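The block underneath contains the structure these notes are about, expressed in structure tokens.
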Amino acid sequence: MNLPEDLSYTATHEWMRRGDDGVTVGITDHAQSELTDVVFVDLPETGTHVDAGDEICSLESVKTVAYIYAPVAGAISAVNERLREEPELLNQDPYGEGWIVRITPDAPEKTVDLLDAAGYRKSIESEAEG
Amino acid sequence: MAFDSPLLPVHQAAGAKLVEFAGWRLPVQFSSVAEEVRACRSGAALFDISHMGLLKVTGPRATAAVSGLLTRDMTRVPRGCGVYALLLNERAGVRDDLFAFVISDSEVMLVVNAVNHERDAAWIRDHLRGAALEDPRGSTFGIALQGPEAERILGAAAGGQEPPSRFAAIGPMRIAGAEVLVSRTGYTGEDGFEVFGEAEEAVKVWEALAGTGEQADDRRLGSCAIPRPAGLAARDVLRLEMGYPLWGHELDEETTPREAGLEWAVDKGHDFIGRAALESHRPARRRIGLMVEGRGVARAGDVIAQGEEPVGAVTSGTYSHNLDKAIAQGYVRMETTAAAGDELSVRSRGRALSAVAAGLPFIPARTRPSWRKEKRA
């Protein structure tokens with residue numbers, strides 16, 4: 001399973017990467033594999049303010065619908081427009097071209113409980129056993 | 001009790017994603033559902049269907065005996081041929097839908113849904129008169145090879161033996177040294193085959209068909225496509241594109257063949273359990289196809305509405321990679337006008353999706369003509 005060490009993860013299968021332009025959010029490789037082919041991404045509007053743990057948008061896959069939750073409170077500063085026409089990017093490159101939104105975090109920063117790669121791995125392993 | 005397909009090690013080695021379905025661990029996806037679906041419609045796909053239940057009705061009166069439980073009169077089916085049939089309860093509700101094949105004068109083989117395997121076996125044992133039921137559950141395998149290239153691939157793997165030439169015909173073949181039964185059937189709407197045999201031979205038959213086995217080099221693979229392994233997710237998309245019902249979604253014990261639009265699978269002048277109830281039954285709803293117009297997927301349980309009025313419910317839905325649209329099946333009240341193209345909506349998780357009624361299948365079938373047509377000609 002592909003779990004880059006430099007990312008933070010949530011128990012709801014999002015990843016976040018901190019950068020100069022804010023926090024980039026996507027879904028994990030595990031999540032895209034569980035979903036099977038993603039066919040529609042219902043992107044939010046930029047400028048929308050979200051609290052940590054709020055639903056940002058929904059994804060429709062062949063198999064099911066999934067909701068993406070904000071790992072951090074802030075304003076949505078960018079959405080990955082390419083996903084409207086190429087939702088398969090979420091399956092093909094979940095940590096790169098398949099990013100979903102960028103958030104400018106509030107100050108002081110408020111996040112959900114974040115996991116490192118090892119912690120997230122443990123969380124999905126216990127989910128599989130459960 | 002949980003069962004593992006005898007092909008599980010092959011799927012694990014291929015990196016397939018597995019799910020549990022009806023007590024079986026099965027591959028849901030090998031690579032991408034879209035690629036698996038397209039491979040089946042343009043070349044060939046290979047499915048593990050070892051979960052499908054095989055039941056054998058045996059004895060000198062096997063065909064007559066089993067006919068009393070099926071909507072089809074099996075005494076009218078020639079040896080080496082099969083039919084799609086329904087197993088009804090006394091109220092004419094569908095206990096299961098299945099394929100029944102006349103293997104010999106004293107054996108009818110039923111291919112039933114995994115989810116109903118045990119209850120079908122119990123029901124048949126309780127109601128069968130004058131024949132015996134054998135249930136080799138867990139000791140068999142099933143592989144479906146589907147797609148326009150299926151015939152060439154099977155021919156190459158079977159060293160030039162002739163497969164059954166008509167839809168729903170069945171016969172013995174030898175593949176990779178294994179004695180198997182091959183029927184020209186499937187759940188995809190493409191031409192193709194379903195191969196059944198003993199569990200211990202599953203891997204070599206799979207490898208021979210997949211072009212990965214020891215014999216692969218001997219085959220003239222240069223001119224022959226390699227089928228793409230495909231999982232349950234692709235199988236579901238393919239069957240939905242064909243408007244085929246799936247038991248537990250479009251069919252259940254409270255649904256009659258008339259409501260499901262399956263009266264074509266009920267033989268005239270034939271008596272069976274459920275016939276009397278079916279005769280007096282006035283259907284309250286009927287099965288339709290739906291195409292979603294917007295960006296969204298209708299799912300089982302969503303409400304179908306016409307204007308503001310709820311008129312039915314979705315029973316299954318997915319995204320069709322061949323139509324580039326979300327498609328669904330569902331039931332609407334009998335009196336609802338829902339001809340192909342009529343506007344409907346689907347209320348899905350707090351929002352409304354525009355949809356239009358669609359005729360089934362969504363994509364024309366490309367199966368071979370049935371043996372039944374040959375008989376009439």
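Any value given below was found using the heavy atoms of this structure, including those in side chains, with hydrogens, waters and symmetry copies removed. What you see is a predicted model; the values in this text were computed from it and never measured.
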Could you tell me which portion of A:Asn91 (side chain, backbone, both or neither) has an atom closer than 4.5 angstrom to a non-hydrogen atom of chain B?
neither
Output the distance between atom CZ (B:Arg349) and atom CD (A:Glu60), rounded to the nearest 0.5 Å.
4.5 Å
Here the pair of heavy atoms bringing B:Arg299 nearest to A:Val65 is NH2-N, 4.0 Å
Residue, of B:Val28, B:Thr318, B:Val19, B:Val297, that accumulates the most heavy atom pairs under 4.5 Å with chain A:
B:Val297
Within 6.0 angstrom of A:Glu81 CD, more than 12 heavy atoms from elsewhere:
yes
Using a cut-off of 6.0 Å, state whether more than 12 heavy atoms not belonging to A:Asp6 lie near its atom CG.
yes
Correct closest heavy-atom pair for B:Arg295 and A:Val41 would be NH2-O, 3.1 Å
Name the region of B:Val33, side chain, backbone, both or neither, that has any atom closer than 4.5 Å to a heavy atom of chain A.
both
Where is the tightest heavy-atom contact between A:Asp37 and B:His321, given as atom of each residue plus distance?
OD2-NE2, 3.7 Å
Side chain, backbone, both or neither: which part of A:Glu34 has an atom under 4.5 Å from a heavy atom of chain B?
both
Atom CD of B:Glu343 with >12 non-hydrogen neighbours under 6.0 angstrom
no
